[in-house]
Asker: 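Quick one: the structure is below, questions incoming.
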Amino acid sequence: MGYLTRAVKPLALINAEGERIEPDTAAAISDRYPLARPLYLYVNLPPGTQLPSLERAFFDLVLSPNGQALVRESGFVPLPEATLANARRTLGLETPM
């Protein structure tokens, strides 16, 4: 969904049960839309260590409400709250204010 342009249009798909699946946020998050895929970002962070300050600032922004708003504005699907909380906990980031 983040790659849509005037020349690239989203397509509704029909599943095996004949149900029409629209390419929307809910279908992408729930894995109902089969052409949606997650984007991964890997971090080399040994267990028990903290992120260096620049990486910490980056992830603090990306995983914040403001960062997720930027994700949405860019045409991508923001992360579900549970995924955000898990990522912040895994990276040792405080809960956003």
Asker: Could you tell me which non-hydrogen atom of Leu13 sits nearest to which non-hydrogen atom of Pro34, and how far apart they are?
Answerer: CD1-CG, 3.6 Å

Asker: With a cutoff of under 4.5 Å between side-chain heavy atoms, which Ile, Leu, Val, Met, Phe, Trp and Tyr residues group with Tyr40?
Answerer: Tyr42

Asker: Search all heavy atoms of Ser64 against all heavy atoms of Arg88 and return the closest pair with its distance.
Answerer: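 Looking at all heavy atoms of both residues, the closest pair is N-NH1, 4.2 Å.
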
Asker: Please assess Leu41 against Val62 for the test side-chain contact (heavy atoms from CB on, under 4.5 Å), listing each intermediate value before the final yes or no.
Answerer: CA-CA 11 Å; Leu41 182 60; Val62 170; over 6 Å; no

Asker: Could you tell me if the side chain of Gln50 sits less than 4.5 Å from the side chain of Leu45, heavy atoms only?
Answerer: no

Asker: Please say yes or no: joined through hydrophobic side-chain contacts below 4.5 Å, possibly via intermediate residues, are Ile14 and Ile21 part of one cluster?
Answerer: no

Asker: Applying side-chain contact (heavy atoms from CB on, under 4.5 Å) to Leu79 and Leu63, what does each step give before you reach the verdict?
Answerer: CA-CA 8 Å; Leu79 293 171; Leu63 299 173; 4.1 Å; yes

Asker: Measuring from Glu22:CD to Leu11:CG, what's the distance to the nearest 0.5 Å?
Answerer: 10.0 Å

Asker: If you compare all heavy atoms of Tyr33 against all heavy atoms of Ala28, which two are closest, and at what distance to 0.1 Å?
Answerer: CB-N, 4.3 Å

Asker: Could you go through residues 3-10 and list every donor-acceptor pair under 3.5 Å that involves a side-chain atom there, pairing it with any protein atom two or more places apart or in another chain?
Answerer:
{"unit_1": "Thr5", "atom_1": "OG1", "unit_2": "Ala7", "atom_2": "N", "d": "3.1"}
{"unit_1": "Thr5", "atom_1": "OG1", "unit_2": "Val8", "atom_2": "N", "d": "3.1"}
{"unit_1": "Lys9", "atom_1": "NZ", "unit_2": "Arg6", "atom_2": "O", "d": "2.5"}

Asker: Kindly compute the distance separating CG (Asn66) from CG (Asp60), expressed to the nearest 0.5 Å.
Answerer: 10.5 Å

Asker: For the residue pair Phe58 and Val43, establish whether any side-chain heavy-atom pair is separated by less than 4.5 Å.
Answerer: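 They are not in side-chain contact.
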
Asker: Determine the minimum heavy-atom distance between Pro78 and Arg72, stating which atoms define it.
Answerer: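 Scanning both residues, the minimum pair turns out to be CG-NH2, 3.2 Å.
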
